[in-house]
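Report on one structure; see the data block that follows.
Just so it is clear, the values below take in all heavy atoms, side chains as well, and ignore hydrogens, waters and symmetry mates. Since the model is a prediction, treat every value here as computed from it, not as a measurement. Note that ligands are numbered from 1 as they come in the structure, with each ligand's atoms numbered from 1 the same way.
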Amino acid sequence: MPPYSDAFARPRRKMVEEQLIARGVDSPRVLAVLGELPRHHFVDEALASRAYADGPLPIGYGQTISQPFIVALTLQALSLKPTDRVLEIGFGCGYQTAALAQMAAQVYAIERVPDLFDKGRRHLKEFRFANVFLKLGDGHLGWEEFAPFDAIVLAAYAPQVPTRLKNQLATGGRLVAPLGDAVGQSLVLFTKKTDGAVNRRPLANCRFVPLVKGLSAR
Ligand code: SAH
């Protein structure tokens, strides 16, 4: 990562201690990556002072950057290996994408809103990741060309995991998705076992924005 302003080192350390460690996040890799990643760099300047607060923040178009704890819980549940290929649906501002890029071999990330696609791409560009591939499209379809993926992560809720995404998960792969409806959702970890069976484990209650079909107009 390139050097960045460390004006937010203190609130970031506080975020790690009070929001992540205090709530049971204990993956050294997740804590190290989120402890370094400049979250304030992914939100609008006017919101920078709130970037390390314990909640989601608006990123435009009615969408939000997820709460740090939910991102940490998701990353930890994915049990990423440095050789893993990851598919991310709904990359928005690019914060979680940047974390994934440091924990896996390749990250394939899809966003459906053109202006958010541009925003996320702009944020990520400054890190010069050579292992991040971005696509403007509908995440329901996944990214067949690069499947199967060792890990798949959805940053928007659906009533159930879209079939194509399930099919693009490798044997031994992990998928984390918020499942439910507008009233509330459960963040669920799916693990595809070697015999093809899929284990399902709820991680936490959560509130995400919906996974929307089709491409948004510019
Ligand atoms: N993870 C990002 C964004 C979370 S908000 C962050 O923390 O900033 C959820 C994102 O999913 C939004 O950017 C929204 O536009 C996107 N999204 C919703 N439905 C989608 C779909 N079908 N395909 C791709 N992206 C989608």
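- Salt bridge present: Asp84 and Arg174 bring a charged side-chain N and a carboxylate O closer than 4.0 Å.
- Geometrically, ligand 1 and Gln96 share no nitrogen or oxygen pair separated by less than 3.5 Å.
- Heavy-atom contacts of Gly139 reach the following atoms of ligand 1: 21 (C), 22 (N), 23 (N), 24 (C) (cutoff under 4.0 Å).
- Under the 6.0 Å distance and 45° angle rule, Arg39 counts as a cation-pi partner of Tyr95.
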Stepwise, does the side-chain contact (heavy atoms from CB on, under 4.5 Å) test hold for Phe133 with Val107?
-> CA-CA 6 Å; Phe133 306 91; Val107 182; over 6 Å; no
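- Once rounded to the nearest 0.5 Å, the distance linking CG of Leu203 with OG1 of Thr74 reads 7.0 Å.
- Proximity of a side-chain donor or acceptor of Glu111 to a complementary backbone N or O of Val113 within less than 3.5 Å is detected.
- Screening Val153, Asp138, Leu211 against Ile89 for a side-chain contact (heavy atoms from CB on, under 4.5 Å) leaves a single residue, Leu211.
- Note that the CG atom of Leu57 and the CG atom of Asp44 stand 9.5 Å from one another [nearest 0.5 Å].
- Among residue pairs with one or both ends in residues 48-77, those qualifying as salt bridge (charged side-chain N to carboxylate O under 4.0 Å, His left out) are Arg23-Asp54; sequence neighbours excluded.
- Listed by number with element, the atoms of ligand 1 under 4.0 Å from a non-hydrogen atom of Asp138 are 21 (C), 22 (N), 23 (N).
- Each of the atoms 5 (S), 9 (C) of ligand 1 lies under 4.0 Å from some heavy atom of Val209.
- For atom 26 (C) of ligand 1, the closest non-hydrogen atom of the protein is Arg112 CG, 3.6 Å.
- Atom 22 (N) of ligand 1 has Val212 O, 2.6 Å as its closest protein atom, hydrogens excluded (heavy atom only).
- Atom numbering of ligand 1 starts at 1 in the shown order; those under 4.0 Å from a heavy atom of Ile59 are 8 (O).
- Looking only at protein heavy atoms, the nearest one to atom 11 (O) of ligand 1 is Gly90 CA, 3.2 Å.
- Residues Leu165 and Leu175 come closest through the heavy atom pair O-CD1, 4.4 Å.
- Here is the list of ligand 1 atoms found below 4.0 Å of a heavy atom in Pro210: 18 (C), 19 (N).
- In terms of polar-atom proximity, defined here as any N/O pair under 3.5 Å, Glu111 does make such a contact with ligand 1.
- For Tyr95, the closest heavy-atom approach to ligand 1 does not fall below 4.0 Å.
- With respect to Tyr52, the side chain to side chain donor-acceptor pair (under 3.5 Å) criterion is satisfied by exactly one of Glu18, Lys14, Arg12: Arg12.
- Checking side-chain atoms of Asp150 against main-chain N and O of Arg85 turns up a donor-acceptor pair under 3.5 Å.
- Contact annotation: Gly137 has at least one heavy atom less than 4.0 Å from an atom of ligand 1.
- In terms of N/O distances under 3.5 Å, ligand 1 is approached by Cys93.
- Judged purely by atom type and a 3.5 angstrom limit, Gln168 has no side-chain atom pairing as donor or acceptor with the backbone of Leu87.
- Remark: minimum distance from atom 12 (C) of ligand 1 to any protein heavy atom is reached at Gln63 OE1, 3.2 Å.
- Atom 6 (C) of ligand 1 has as its closest protein heavy atom Ile65 CA, 3.7 Å.
- Ring pair Phe42/Phe127 is parallel by interplanar angle, where below 30° counts as parallel and above 60° as perpendicular.
- In terms of N/O distances under 3.5 Å, ligand 1 is not approached by Ala155.
- Each of the atoms 19 (N), 20 (C), 21 (C), 22 (N) of ligand 1 lies under 4.0 Å from some heavy atom of Leu211.
- Under a 4.0 Å criterion applied to the non-hydrogen atoms of Val113, ligand 1 contributes the atoms 15 (O).
- For Ala156, no nitrogen or oxygen atom sits less than 3.5 Å from a nitrogen or oxygen atom of ligand 1, counting backbone and side chain alike.
- Close N/O approach between Ser66 and ligand 1 is found [any backbone or side-chain N/O within under 3.5 Å].
- For ligand 1 and Leu116, the ligand atoms under 4.0 Å from any heavy atom of the residue are 13 (O), 15 (O).
- The closest protein non-hydrogen atom to atom 4 (C) of ligand 1 is Thr64 O, 3.0 Å.
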